[in-house]
Number of protein chains: 2
Amino acid sequence: MPSRHPNPDPAPDGDPPRWRRRKDARPQEIVAAAMEVFAERGFAAARLEEVAARAGVSKGTLYLYFPSKEELFKAVIRAAILPNLEQAEAMVASAGGPCFPLLERLLRMVARLIATTRMAVIPRLVIAEAGNFPELAAFYHHEVIRRGFGVVSALLWRGIGSGEFRPMPVDPSVRLIVAPLLMSAVWRTSFDGVDGEPPLDVPALMEVHIDNLRRVLLRDTGDGAGAGDGAP
Amino acid sequence: MPSRHPNPDPAPDGDPPRWRRRKDARPQEIVAAAMEVFAERGFAAARLEEVAARAGVSKGTLYLYFPSKEELFKAVIRAAILPNLEQAEAMVASAGGPCFPLLERLLRMVARLIATTRMAVIPRLVIAEAGNFPELAAFYHHEVIRRGFGVVSALLWRGIGSGEFRPMPVDPSVRLIVAPLLMSAVWRTSFDGVDGEPPLDVPALMEVHIDNLRRVLLRDTGDGAGAGDGAP
DNA sequence: TCTATATAACTGACCAGTCAGTTACTAACA
DNA sequence: TGTTAGTAACTGACTGGTCAGTTATATAGA
């Protein structure tokens with residue numbers, strides 16, 4: 001099979017070489033291909049032969065850049081999630097003013113990622129393999145969950161400190177805020193299209209969630225702070 | 001390897017037979033063994049050899065009672081979930097009076113199942129294999145999710161109809177009510193004990209969730225219907 | 001005796017990871 | 001400006017192992 005990344009500056013003479021040395025481009029091409037295949041098949045069922053084919057290299061080449069299937073998977077997770085996580089951390093760290101609108105922006109941002117990108121498959125993949133690859137679960141917990149929880153947690157503490165939010169148990173609240181995101185990601189990659197159901201409307205779900213959170217998190221201010229259909 | 005279900009009424013004479021015909025008992029013993037193994041390894045990584053060993057039979061015997069690994073898995077799901085689902089359906093159908101306490105009972109019941117039984121692994125297993133076995137996902141959606149959602153949905157409609165609950169979009173609300181349960185189940189079977197974290201306190205999480213739902217679902221009644229730390 | 005029930009050896013297919021060999025590129029030297 | 005070692009990048013056939021599902025054979029029980 002010819003490379004899917006052929007000579008970008010074809011030699012004028014004779015036939016093009018069967019392959020080219022492209023040390024710098026390979027890793028990210030391999031990771032992109034692996035992302036596709038893992039997303040379609042899950043970790044265990046993904047075939048490295050197939051990853052290699054989609055990356056336009058041979059299986060042996062994979063092992064020049066990644067020592068094992070598991071490390072390749074970690075690289076996929078890092079590439080898919082870390083940039084977004086860093087963006088979220090920066091957003092919360094830098095923003096001033098009231099916390100609730102910031103939380104709204106955060107939730108909408110993640111919801112959009114879940115609804116529109118392949119990133120949504122990652123939680124499912126990790127959940128699936130956690131039993132057989134505990135080290136993978138630990139990696140994901142340490143690199144993603146802990147940091148993600150940290151972002152929301154910081155936001156809640158700030159809101160409580162300023163009096164904007166009600167006092168509340170922070171750890172359970174973080175989990176309850178995040179749960180619908182997890183559910184959306186899992187749903188979209190496991191049940192969408194099954195049984196003739198319409199696909200899950202992630203943004204709509206998120207708007208209802210945000211409305212609910214307004215009632216739950218915000219300290220009562222006397223005026224109708226909640227959604228519009230409430231008391232007279 | 002000797003059977004773990006040896007002759008329950010050992011023959012008085014000579015050596016006991018190498019095996020016994022136990023047509024009626026086999027299926028449930030096999031399903032119980034399969035539940036264990038699937039829970040520990042996931043669907044794909046579970047070995048039928050091991051299921052057979054734990055059930056005290058040979059692999060061939062499995063195929064006398066279940067035509068394939070997939071059908072065996074379905075049997076496991078049915079055995080683990082259907083009784084509880086039916087109990088929940090009966091509870092909602094038969095109970096009168098206000099809806100919110102009923103919802104509380106329902107949530108606490110499921111939370112207890114998730115926190116204390118092996119049932120909690122089922123969602124993880126289905127999620128994990130949904131990509132590779134779409135028919136399994138469809139089965140689970142049809143037999144479990146649809147009915148589970150139906151129970152909560154019925155409850156919400158009733159509460160809205162009676163004026164106990166605020167008007168609300170029912171489908172998203174059902175998902176938001178269920179999401180923390182799903183998260184708890186997944187967490188307990190994927191991340192508990194990882195990274196030195198204390199295990200998830202499912203009942204505590206559920207109590208916070210229920211408090212939140214009180215604020216979200218119940219129509220404002222003027223008095224302090226919400227949790228105890230609110231307005232004077 | 002007859003046969004439903006059970007066994008255990010077998011088959012065929014799959015795949016992660018390895019490694020001996022091949023090729024594209026580089027730079028030292030003519 | 002060739003030419004030619006030298007080497008890093010790459011290939012693909014191979015190994016060793018796994019496991020779902022099948023089948024020839026044996027025996028419990030009627």
Side-chain angles (χ1 to χ4, degrees), chain A residues 1-27 29-30 33-34 37-38 41-74 129 132-133 136, chain B residues 1-27 29-30 33-34 37-38 41-53 55-73 129 132-133 136:
Chain A
M1 175 184 309
S3 171
R4 300 204 318 179
H5 302 280
N7 189 346
D9 176 19
D13 53 75
D15 10 284
R18 294 206 294 118
W19 49 266
R20 307 211 139 228
R21 307 171 116 185
R22 292 171 59 249
K23 187 181 171 51
D24 297 334
R26 294 297 188 209
E29 287 170 7
I30 291 171
V37 179
F38 285 141
R41 318 290 268 223
F43 177 77
R47 297 177 327 106
L48 291 188
E49 208 64 90
E50 169 122 23
V51 173
R54 293 206 201 181
V57 298
S58 73
K59 190 158 65 142
T61 301
L62 261 42
Y63 283 88
L64 295 176
Y65 294 99
F66 302 95
S68 69
K69 195 183 186 185
E70 208 170 327
E71 286 301 319
L72 175 56
F73 186 47
K74 286 189 193 173
E129 304 300 337
N132 298 94
F133 302 89
L136 215 60
Chain B
M1 175 181 314
S3 169
R4 299 205 316 177
H5 302 280
N7 190 345
D9 176 21
D13 53 75
D15 9 282
R18 296 206 292 116
W19 50 265
R20 302 211 146 227
R21 299 174 145 195
R22 293 172 59 249
K23 187 179 169 53
D24 297 335
R26 295 294 191 213
E29 287 169 8
I30 292 170
V37 178
F38 284 141
R41 320 291 263 223
F43 177 76
R47 300 173 33 235
L48 290 188
E49 208 65 90
E50 169 125 23
V51 173
V57 299
S58 73
K59 191 164 62 149
T61 302
L62 261 42
Y63 283 88
L64 294 176
Y65 295 99
F66 302 94
S68 69
K69 194 183 187 183
E70 208 169 329
E71 285 302 319
L72 175 57
F73 186 50
E129 304 300 336
N132 298 93
F133 301 88
L136 215 59

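The chains referred to below are lettered A, B, ... by the order of the sequence lines, with proteins before strands, and numbering in each begins at 1. All of these numbers come straight from a predicted model, not from anything done at the bench.
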Of all the choices, [options], which nucleotide is nearest to the side chain of [X] once you look at every atom?
X	options	result
A:Ser68	D:dT11, C:dA8, C:dG17	C:dG17
A:Val57	D:dT11, C:dC15, C:dT7	D:dT11
A:Leu64	D:dT11, D:dA8, C:dA8	D:dT11

For [N], does OP1 or OP2 lie under 4.0 Å from any side-chain N or O of [X]?
X	N	value
B:Tyr65	C:dA6	yes
A:Thr61	D:dC10	no
A:Arg20	C:dA24	no

Base, sugar-phosphate alone, or nothing: which one does [X] contact when heavy atoms must sit under 4.0 Å apart?
X	value
B:Ala52	nothing
A:Arg21	base
A:Leu48	sugar-phosphate
A:Phe66	nothing

When the distance from [atom1] of [X] to [atom2] of [N] is rounded to whole Å, what number comes out?
X	N	atom1	atom2	result
B:Lys69	C:dA13	NZ	P	18 Å
B:Phe43	D:dC19	CZ	P	14 Å
A:Tyr63	C:dC19	OH	P	13 Å
B:Glu129	D:dA20	CD	P	12 Å
B:Lys59	C:dT11	NZ	C1'	10 Å
B:Arg41	D:dT18	CZ	C1'	12 Å
A:Trp19	C:dC25	CH2	C1'	8 Å
B:Arg22	C:dA6	CZ	P	8 Å

Quiz item: Does B:Glu29 come within less than 4.0 Å of B:Arg22, counting only side-chain N to carboxylate O?
Solution: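 Judged by the 4.0 Å cut-off on N to carboxylate O distance, B:Glu29 and B:Arg22 do form a salt bridge.
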Quiz item: Using 4.0 Å as the upper bound for N to carboxylate O, is an ion pair formed by A:Lys74 and A:Glu70?
Solution: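 Salt bridge absent between A:Glu70 and A:Lys74.
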Practice problem: May I ask you to check whether A:Phe73 and A:Phe133 place their ring centres under 6.0 Å from each other? | Solution: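 They do not qualify: ring centres at least 6.0 Å apart.
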Quiz item: For the atom pair NZ (B:Lys69) and CZ (B:Phe38), what is the distance rounded to the nearest 0.5 Å?
Solution: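 Between atom NZ of B:Lys69 and atom CZ of B:Phe38 there are 6.0 Å.
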Practice problem: For residues A:Leu48 and A:Leu72, determine if any side-chain heavy atom of one lies less than 4.5 Å from a side-chain heavy atom of the other. | Solution: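 In short, these two side chains touch, coming nearer than 4.5 Å.
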